[in-house]
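Small disclaimer: the values here were computed from a predicted structure and weren't measured. Read the numbers this way: they start at 1 and go in the same order the structure lists the ligands and their atoms.
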Amino acid sequence: MITKSDIIKAAYAHGFEDVGFTTADPFPEHKQLLLDRREAYEWAESVGLELLSGTDPKTILPNAKTIIVLMEVYFRKSYPRSIEGHFGRCYLDDDRVTRDGLSRRIKAFRSFLRDNGVDSKVPFNLPHRVAAARAGMGTFGKNCLFYSNKVARGGSWILPIAVVIDEAFEPCVPTMEIGCPDWCRNTCIAACPTGALMGNSRIDPRKCISYLTYFGEGITPLELREPMGMFVYGCDRCQNVCPRNQPWLANQLPINEKVAAKAGYFELSRLLHMDREYFETHIWPHMFYMSFKDIWRWKMNVARVMGNSRDKKYIADLVRAFKENPDERVRAMAVWAIGHIGGPEALTALKELMDETSDLVKEEIRRAKEICL
Ligand code: SF4
Ligand code: SF4
(Lines give C-alpha, C1' and ligand atoms only; values in the text may rest on other atoms or scores of the structure.)
(Ligands and ions follow the chains in the order given, each with its own letter.)
Protein backbone atom coordinates (compact mmCIF):
# COMPACT_ATOMS: atom_id res chain seq x y z
CA MET A 1 0.00 0.00 0.00
CA ILE A 2 1.39 3.34 -1.06
CA THR A 3 1.89 5.92 1.73
CA LYS A 4 1.45 9.68 1.81
CA SER A 5 5.20 10.01 2.18
CA ASP A 6 5.72 7.93 -1.02
CA ILE A 7 3.39 10.29 -2.90
CA ILE A 8 5.17 13.40 -1.61
CA LYS A 9 8.54 11.96 -2.62
CA ALA A 10 7.21 11.09 -6.09
CA ALA A 11 5.76 14.60 -6.54
CA TYR A 12 9.14 16.18 -5.78
CA ALA A 13 10.92 13.62 -7.96
CA HIS A 14 8.69 14.68 -10.87
CA GLY A 15 9.70 18.32 -10.45
CA PHE A 16 6.77 19.72 -8.45
CA GLU A 17 7.75 22.16 -5.76
CA ASP A 18 5.08 21.57 -3.16
CA VAL A 19 2.34 19.02 -2.59
CA GLY A 20 -0.78 19.02 -0.41
CA PHE A 21 -3.76 16.78 0.33
CA THR A 22 -7.43 17.49 0.86
CA THR A 23 -10.55 15.35 0.87
CA ALA A 24 -12.60 14.81 -2.27
CA ASP A 25 -15.61 16.40 -0.57
CA PRO A 26 -17.56 18.86 -2.75
CA PHE A 27 -16.88 22.60 -2.72
CA PRO A 28 -20.31 23.91 -1.62
CA GLU A 29 -19.25 27.54 -1.01
CA HIS A 30 -17.66 27.72 -4.44
CA LYS A 31 -20.78 26.21 -6.00
CA GLN A 32 -22.93 28.79 -4.22
CA LEU A 33 -20.66 31.60 -5.45
CA LEU A 34 -21.07 30.37 -9.03
CA LEU A 35 -24.84 30.15 -8.58
CA ASP A 36 -25.12 33.57 -6.93
CA ARG A 37 -23.08 35.13 -9.72
CA ARG A 38 -24.48 33.06 -12.55
CA GLU A 39 -24.66 36.00 -14.96
CA ALA A 40 -20.93 36.67 -14.49
CA TYR A 41 -19.96 33.05 -15.18
CA GLU A 42 -22.52 31.84 -17.71
CA TRP A 43 -19.99 32.47 -20.51
CA ALA A 44 -17.81 29.72 -18.95
CA GLU A 45 -20.59 27.14 -19.24
CA SER A 46 -21.26 28.33 -22.80
CA VAL A 47 -17.66 27.53 -23.83
CA GLY A 48 -17.89 24.10 -22.18
CA LEU A 49 -15.93 24.73 -18.97
CA GLU A 50 -18.66 23.11 -16.78
CA LEU A 51 -17.53 24.91 -13.63
CA LEU A 52 -20.63 23.88 -11.66
CA SER A 53 -20.11 20.15 -12.06
CA GLY A 54 -16.42 20.67 -11.22
CA THR A 55 -17.44 21.59 -7.67
CA ASP A 56 -18.10 17.91 -6.94
CA PRO A 57 -15.01 15.71 -7.54
CA LYS A 58 -17.27 12.63 -7.69
CA THR A 59 -18.65 13.82 -11.04
CA ILE A 60 -15.07 13.42 -12.27
CA LEU A 61 -14.11 10.18 -10.49
CA PRO A 62 -17.10 8.40 -8.90
CA ASN A 63 -14.98 6.74 -6.22
CA ALA A 64 -13.02 9.92 -5.42
CA LYS A 65 -11.55 10.03 -1.90
CA THR A 66 -8.68 12.53 -1.96
CA ILE A 67 -7.40 15.47 -3.98
CA ILE A 68 -3.63 15.70 -4.25
CA VAL A 69 -2.56 19.24 -5.18
CA LEU A 70 0.76 19.57 -7.02
CA MET A 71 2.34 23.02 -7.13
CA GLU A 72 4.12 24.27 -10.24
CA VAL A 73 5.96 27.62 -10.45
CA TYR A 74 5.34 28.82 -14.01
CA PHE A 75 7.63 31.82 -13.71
CA ARG A 76 10.82 30.09 -12.54
CA LYS A 77 12.68 31.43 -15.57
CA SER A 78 12.37 34.87 -17.12
CA TYR A 79 10.75 35.72 -20.44
CA PRO A 80 12.01 38.08 -23.16
CA ARG A 81 10.52 41.56 -22.61
CA SER A 82 9.27 41.59 -26.21
CA ILE A 83 6.80 38.81 -25.37
CA GLU A 84 6.23 39.40 -21.65
CA GLY A 85 4.97 42.94 -22.34
CA HIS A 86 2.09 41.66 -24.47
CA PHE A 87 1.11 38.25 -23.09
CA GLY A 88 0.20 36.99 -19.63
CA ARG A 89 3.13 34.97 -18.26
CA CYS A 90 0.99 31.94 -17.43
CA TYR A 91 0.28 31.41 -21.15
CA LEU A 92 3.86 31.62 -22.38
CA ASP A 93 4.96 28.08 -21.58
CA ASP A 94 1.56 26.36 -21.59
CA ASP A 95 2.09 22.90 -23.08
CA ARG A 96 -1.44 21.53 -22.94
CA VAL A 97 -1.36 21.11 -26.73
CA THR A 98 2.35 20.55 -27.39
CA ARG A 99 2.69 18.25 -24.35
CA ASP A 100 6.43 18.78 -24.13
CA GLY A 101 6.86 19.99 -20.53
CA LEU A 102 4.51 20.06 -17.56
CA SER A 103 2.02 17.66 -19.21
CA ARG A 104 4.70 14.97 -19.37
CA ARG A 105 5.47 15.33 -15.68
CA ILE A 106 1.79 15.15 -14.72
CA LYS A 107 1.43 12.06 -16.87
CA ALA A 108 4.50 10.44 -15.26
CA PHE A 109 3.17 11.24 -11.78
CA ARG A 110 -0.17 9.64 -12.65
CA SER A 111 1.66 6.59 -14.02
CA PHE A 112 3.40 6.30 -10.66
CA LEU A 113 -0.02 6.36 -8.95
CA ARG A 114 -1.46 3.81 -11.38
CA ASP A 115 1.54 1.49 -10.92
CA ASN A 116 0.72 1.59 -7.22
CA GLY A 117 -2.95 0.74 -7.71
CA VAL A 118 -4.33 4.30 -7.43
CA ASP A 119 -6.75 5.61 -10.06
CA SER A 120 -6.53 9.35 -10.84
CA LYS A 121 -8.03 12.14 -12.92
CA VAL A 122 -6.81 15.69 -13.55
CA PRO A 123 -10.02 17.62 -14.21
CA PHE A 124 -9.78 21.02 -15.88
CA ASN A 125 -13.01 22.25 -14.27
CA LEU A 126 -12.33 21.59 -10.59
CA PRO A 127 -11.58 24.79 -8.63
CA HIS A 128 -7.83 24.20 -8.44
CA ARG A 129 -7.00 27.26 -6.34
CA VAL A 130 -9.74 26.50 -3.81
CA ALA A 131 -8.46 22.92 -3.62
CA ALA A 132 -4.95 24.25 -2.95
CA ALA A 133 -6.27 26.46 -0.13
CA ARG A 134 -8.17 23.53 1.34
CA ALA A 135 -4.90 21.56 1.17
CA GLY A 136 -3.24 24.32 3.22
CA MET A 137 -0.78 25.41 0.51
CA GLY A 138 -1.29 29.17 0.63
CA THR A 139 -3.84 31.95 0.80
CA PHE A 140 -5.87 34.08 -1.58
CA GLY A 141 -5.14 37.63 -2.64
CA LYS A 142 -7.77 40.31 -3.09
CA ASN A 143 -6.93 40.04 -6.80
CA CYS A 144 -8.49 36.53 -6.74
CA LEU A 145 -5.13 34.86 -7.28
CA PHE A 146 -3.57 32.23 -5.05
CA TYR A 147 -0.34 32.88 -3.18
CA SER A 148 1.91 30.03 -2.11
CA ASN A 149 3.08 29.75 1.48
CA LYS A 150 6.22 27.86 0.42
CA VAL A 151 7.37 28.51 -3.14
CA ALA A 152 8.00 31.50 -5.45
CA ARG A 153 8.89 33.48 -2.29
CA GLY A 154 5.24 33.59 -1.33
CA GLY A 155 4.16 34.84 -4.75
CA SER A 156 1.27 34.09 -7.07
CA TRP A 157 3.26 32.84 -10.09
CA ILE A 158 2.03 29.36 -9.43
CA LEU A 159 -0.22 26.78 -10.95
CA PRO A 160 -1.94 24.40 -8.52
CA ILE A 161 -2.78 21.12 -10.25
CA ALA A 162 -5.57 19.11 -8.58
CA VAL A 163 -5.26 15.33 -9.01
CA VAL A 164 -8.38 13.48 -7.87
CA ILE A 165 -7.66 9.93 -6.63
CA ASP A 166 -9.63 6.97 -5.31
CA GLU A 167 -7.60 6.40 -2.11
CA ALA A 168 -8.10 8.13 1.24
CA PHE A 169 -5.20 10.02 2.82
CA GLU A 170 -5.04 12.29 5.85
CA PRO A 171 -5.92 15.82 4.64
CA CYS A 172 -3.75 18.86 5.44
CA VAL A 173 -5.03 21.77 7.55
CA PRO A 174 -6.91 24.22 5.28
CA THR A 175 -5.83 27.86 4.84
CA MET A 176 -8.94 29.28 3.23
CA GLU A 177 -8.30 32.92 4.08
CA ILE A 178 -7.20 36.07 2.25
CA GLY A 179 -3.55 36.60 3.18
CA CYS A 180 -3.02 40.24 2.16
CA PRO A 181 -1.16 42.49 4.61
CA ASP A 182 -3.23 45.23 6.27
CA TRP A 183 -0.87 47.91 5.03
CA CYS A 184 -1.51 47.18 1.35
CA ARG A 185 -4.17 49.64 0.31
CA ASN A 186 -5.77 47.42 -2.27
CA THR A 187 -3.08 48.20 -4.84
CA CYS A 188 -4.35 45.55 -7.24
CA ILE A 189 -7.90 46.90 -7.20
CA ALA A 190 -6.68 50.43 -7.90
CA ALA A 191 -4.35 49.19 -10.64
CA CYS A 192 -6.86 47.07 -12.56
CA PRO A 193 -7.38 49.21 -15.67
CA THR A 194 -10.81 47.82 -16.53
CA GLY A 195 -12.35 47.80 -13.04
CA ALA A 196 -12.69 44.00 -12.97
CA LEU A 197 -11.66 43.59 -9.32
CA MET A 198 -14.53 44.14 -6.92
CA GLY A 199 -12.70 43.78 -3.57
CA ASN A 200 -12.40 40.92 -1.09
CA SER A 201 -11.33 38.40 -3.70
CA ARG A 202 -14.24 38.95 -6.06
CA ILE A 203 -13.89 39.58 -9.76
CA ASP A 204 -16.20 40.26 -12.67
CA PRO A 205 -14.47 37.95 -15.17
CA ARG A 206 -16.25 39.63 -18.10
CA LYS A 207 -14.37 42.86 -17.38
CA CYS A 208 -10.95 41.22 -17.00
CA ILE A 209 -8.52 41.84 -19.86
CA SER A 210 -7.75 38.13 -20.00
CA TYR A 211 -11.39 37.35 -20.79
CA LEU A 212 -11.75 40.33 -23.12
CA THR A 213 -8.71 39.36 -25.20
CA TYR A 214 -9.80 35.82 -25.96
CA PHE A 215 -13.58 35.68 -25.40
CA GLY A 216 -14.74 39.28 -25.88
CA GLU A 217 -17.51 39.60 -28.46
CA GLY A 218 -17.52 42.25 -31.18
CA ILE A 219 -15.14 45.14 -31.51
CA THR A 220 -13.56 46.18 -28.20
CA PRO A 221 -15.60 49.11 -26.84
CA LEU A 222 -13.96 52.50 -27.30
CA GLU A 223 -13.67 53.15 -23.56
CA LEU A 224 -11.67 49.92 -23.00
CA ARG A 225 -9.16 50.23 -25.85
CA GLU A 226 -6.70 52.47 -24.05
CA PRO A 227 -7.09 50.83 -20.60
CA MET A 228 -6.35 47.41 -22.12
CA GLY A 229 -2.97 48.85 -22.97
CA MET A 230 -0.25 46.65 -24.38
CA PHE A 231 -1.79 43.25 -23.66
CA VAL A 232 -2.65 41.12 -26.69
CA TYR A 233 -3.64 37.99 -24.72
CA GLY A 234 -4.03 37.83 -20.96
CA CYS A 235 -2.93 40.40 -18.38
CA ASP A 236 -0.47 40.37 -15.45
CA ARG A 237 -1.03 43.83 -14.09
CA CYS A 238 -2.66 42.93 -10.74
CA GLN A 239 0.18 40.49 -10.10
CA ASN A 240 2.95 42.85 -11.15
CA VAL A 241 1.84 45.60 -8.76
CA CYS A 242 1.20 43.33 -5.78
CA PRO A 243 3.64 43.72 -2.88
CA ARG A 244 3.36 40.01 -2.17
CA ASN A 245 5.00 39.38 -5.54
CA GLN A 246 7.87 41.85 -5.25
CA PRO A 247 10.35 39.41 -3.62
CA TRP A 248 10.05 37.12 -6.64
CA LEU A 249 10.08 39.97 -9.16
CA ALA A 250 13.34 41.23 -7.63
CA ASN A 251 14.92 37.88 -8.45
CA GLN A 252 17.48 37.61 -11.27
CA LEU A 253 16.05 34.64 -13.17
CA PRO A 254 17.72 32.76 -16.02
CA ILE A 255 16.03 33.15 -19.40
CA ASN A 256 13.44 30.57 -20.47
CA GLU A 257 15.17 29.38 -23.65
CA LYS A 258 12.12 27.48 -24.91
CA VAL A 259 9.96 30.61 -24.83
CA ALA A 260 12.79 32.82 -26.13
CA ALA A 261 13.11 30.52 -29.16
CA LYS A 262 9.49 31.14 -30.19
CA ALA A 263 9.33 34.84 -29.26
CA GLY A 264 9.97 35.92 -32.87
CA TYR A 265 6.74 34.28 -34.00
CA PHE A 266 4.83 36.53 -31.60
CA GLU A 267 6.25 39.75 -33.00
CA LEU A 268 3.34 42.17 -33.47
CA SER A 269 3.70 42.76 -37.22
CA ARG A 270 3.83 39.02 -37.92
CA LEU A 271 0.71 38.43 -35.83
CA LEU A 272 -1.18 41.20 -37.58
CA HIS A 273 -0.59 39.70 -41.03
CA MET A 274 -0.61 35.99 -40.17
CA ASP A 275 -2.50 33.54 -42.37
CA ARG A 276 -4.13 30.28 -41.38
CA GLU A 277 -1.00 28.17 -41.85
CA TYR A 278 1.14 30.54 -39.77
CA PHE A 279 -1.49 30.69 -37.03
CA GLU A 280 -2.00 26.94 -36.82
CA THR A 281 1.72 26.15 -36.99
CA HIS A 282 3.28 28.79 -34.76
CA ILE A 283 0.61 30.37 -32.57
CA TRP A 284 -2.35 28.10 -31.82
CA PRO A 285 -0.28 25.23 -30.33
CA HIS A 286 0.97 27.65 -27.64
CA MET A 287 -2.08 29.89 -27.15
CA PHE A 288 -5.16 27.90 -28.03
CA TYR A 289 -8.14 29.61 -26.44
CA MET A 290 -9.06 31.01 -29.87
CA SER A 291 -9.37 28.84 -32.95
CA PHE A 292 -8.80 30.03 -36.52
CA LYS A 293 -12.41 31.21 -36.81
CA ASP A 294 -11.51 33.84 -34.18
CA ILE A 295 -8.36 35.04 -35.89
CA TRP A 296 -10.11 38.39 -36.32
CA ARG A 297 -9.90 38.82 -32.53
CA TRP A 298 -6.16 38.14 -32.53
CA LYS A 299 -5.68 40.78 -35.23
CA MET A 300 -8.02 43.26 -33.58
CA ASN A 301 -6.08 42.90 -30.32
CA VAL A 302 -2.75 43.37 -32.09
CA ALA A 303 -4.03 46.48 -33.93
CA ARG A 304 -5.21 47.95 -30.60
CA VAL A 305 -1.78 47.30 -29.04
CA MET A 306 -0.03 48.92 -32.00
CA GLY A 307 -2.25 51.98 -31.50
CA ASN A 308 -1.49 52.08 -27.80
CA SER A 309 2.24 51.82 -28.57
CA ARG A 310 2.00 55.26 -30.26
CA ASP A 311 4.84 54.07 -32.46
CA LYS A 312 4.71 55.52 -36.00
CA LYS A 313 6.54 52.49 -37.37
CA TYR A 314 3.25 50.56 -37.19
CA ILE A 315 1.23 52.92 -39.44
CA ALA A 316 2.22 51.07 -42.63
CA ASP A 317 1.33 47.72 -41.02
CA LEU A 318 -2.05 49.04 -39.96
CA VAL A 319 -2.84 50.39 -43.43
CA ARG A 320 -1.88 47.03 -44.90
CA ALA A 321 -4.06 45.21 -42.34
CA PHE A 322 -6.95 47.49 -43.28
CA LYS A 323 -6.54 46.64 -46.96
CA GLU A 324 -6.00 42.88 -46.58
CA ASN A 325 -8.70 42.14 -43.95
CA PRO A 326 -12.35 41.83 -44.96
CA ASP A 327 -13.44 41.72 -41.29
CA GLU A 328 -14.83 45.10 -40.26
CA ARG A 329 -13.76 44.62 -36.61
CA VAL A 330 -10.11 44.38 -37.68
CA ARG A 331 -10.46 47.25 -40.16
CA ALA A 332 -12.17 49.47 -37.61
CA MET A 333 -9.53 48.78 -34.97
CA ALA A 334 -6.73 49.41 -37.48
CA VAL A 335 -8.28 52.83 -38.16
CA TRP A 336 -8.61 53.55 -34.44
CA ALA A 337 -4.98 52.56 -33.94
CA ILE A 338 -3.73 54.84 -36.74
CA GLY A 339 -5.69 57.72 -35.22
CA HIS A 340 -4.37 56.93 -31.76
CA ILE A 341 -0.78 57.00 -33.02
CA GLY A 342 -1.66 60.35 -34.54
CA GLY A 343 0.42 62.99 -36.34
CA PRO A 344 0.70 64.03 -40.01
CA GLU A 345 1.70 60.53 -41.23
CA ALA A 346 -1.37 59.06 -39.59
CA LEU A 347 -3.62 61.70 -41.13
CA THR A 348 -2.17 61.05 -44.60
CA ALA A 349 -2.74 57.32 -44.12
CA LEU A 350 -6.35 57.87 -43.04
CA LYS A 351 -7.06 60.00 -46.11
CA GLU A 352 -6.18 56.95 -48.24
CA LEU A 353 -8.94 54.96 -46.57
CA MET A 354 -11.92 57.02 -47.69
CA ASP A 355 -13.79 54.56 -49.94
CA GLU A 356 -15.18 52.51 -47.08
CA THR A 357 -18.73 51.17 -47.10
CA SER A 358 -19.13 49.72 -43.58
CA ASP A 359 -20.87 52.14 -41.19
CA LEU A 360 -18.76 50.92 -38.28
CA VAL A 361 -15.52 51.59 -40.14
CA LYS A 362 -16.73 54.90 -41.60
CA GLU A 363 -17.45 56.13 -38.08
CA GLU A 364 -14.01 55.02 -36.86
CA ILE A 365 -12.38 56.86 -39.80
CA ARG A 366 -14.33 60.02 -39.02
CA ARG A 367 -13.33 59.90 -35.34
CA ALA A 368 -9.70 59.03 -36.07
CA LYS A 369 -9.33 61.93 -38.49
CA GLU A 370 -10.72 64.33 -35.90
CA ILE A 371 -8.06 63.20 -33.44
CA CYS A 372 -5.29 63.69 -36.00
CA LEU A 373 -6.38 67.12 -37.23
S1 SF4 B 1 -5.63 40.40 -14.90
FE2 SF4 B 1 -5.62 42.60 -15.47
S3 SF4 B 1 -7.72 43.10 -16.07
FE4 SF4 B 1 -7.77 41.10 -14.97
S5 SF4 B 1 -8.21 41.66 -12.85
FE6 SF4 B 1 -5.98 41.62 -13.03
S7 SF4 B 1 -5.38 43.74 -13.56
FE8 SF4 B 1 -7.58 43.53 -13.91
S1 SF4 C 1 -2.05 44.19 -4.22
FE2 SF4 C 1 -2.45 44.23 -2.01
S3 SF4 C 1 -4.63 43.76 -1.80
FE4 SF4 C 1 -4.02 43.14 -3.88
S5 SF4 C 1 -3.50 40.98 -3.72
FE6 SF4 C 1 -1.60 42.13 -3.44
S7 SF4 C 1 -1.40 42.42 -1.23
FE8 SF4 C 1 -3.52 41.82 -1.63
Show me which atoms of ligand 2 lie under 4.0 Å from any heavy atom of [X].
X	value
Cys184	1 (S), 2 (Fe), 3 (S), 7 (S)
Cys242	1 (S), 5 (S), 6 (Fe), 7 (S)
Cys180	3 (S), 5 (S), 7 (S), 8 (Fe)
Pro181	7 (S)
Arg244	7 (S)

For the pair Arg329 and Asp327, find out whether any cationic side-chain nitrogen is under 4.0 Å from an anionic carboxylate oxygen.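 Answer for the salt bridge query: yes.
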Would you mind telling me if ligand 2 is within reach of the side chain of Tyr147, the backbone, both or neither, using heavy atoms under 4.0 Å?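 Only the side chain of Tyr147 comes within reach of ligand 2.
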Shortest protein contact, [atom] (heavy atom only):
atom	result
atom 1 (S) of ligand 2	Cys188 N, 3.3 Å
atom 4 (Fe) of ligand 1	Cys208 SG, 2.4 Å
atom 6 (Fe) of ligand 1	Cys238 SG, 2.4 Å
atom 8 (Fe) of ligand 1	Cys192 SG, 2.4 Å
atom 3 (S) of ligand 1	Ile209 N, 3.2 Å
atom 5 (S) of ligand 2	Lys142 N, 3.5 Å

Enter the distance from [X]:[atom1] to [Y]:[atom2] here, rounded to the nearest 0.5 Å.
X	Y	atom1	atom2	value
Phe279	Ile295	CZ	CD1	5.5 Å
Lys58	Asn63	NZ	CG	8.0 Å
Asp115	Arg110	CG	CZ	12.0 Å

In this structure, does ligand 1 have an atom that sits under 4.0 Å from one of the heavy atoms of Asn143? no
Check each atom of ligand 1 against the heavy atoms of [X] and keep those under 4.0 Å away; list them by number with element.
X	answer
Thr194	3 (S)
Leu197	5 (S)
Arg237	7 (S)

Are [X] and [Y] in a cation-pi contact, defined as NZ or CZ under 6.0 Å from the six-membered ring centre and within 45° of the axis?
X	Y	value
Arg89	Phe75	yes
Arg237	Phe231	no
Arg105	Phe16	yes

For a 4.5 angstrom cut-off between non-hydrogen side-chain atoms, does Asn125 reach Leu49? no
Determine the interplanar angle of the His14 and Phe112 rings, folded into 0 to 90°, and report it as parallel if under 30°, tilted if 30 to 60°, perpendicular if over 60°. tilted
For Phe215 and Trp43, take the angle between the two ring planes, folded into 0 to 90°, and tell me which bin it lands in: parallel under 30, tilted 30 to 60, perpendicular over 60. tilted
Measure from the side-chain N and O atoms of Arg37 to the backbone N and O of Ile203, and report whether any donor-acceptor pair falls under 3.5 Å. yes
Is it true that some N/O/S atom of Cys235, main chain or side chain, lies under 2.8 Å from atom 4 (Fe) of ligand 1?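 It does not; every qualifying atom lies at 2.8 Å or beyond.
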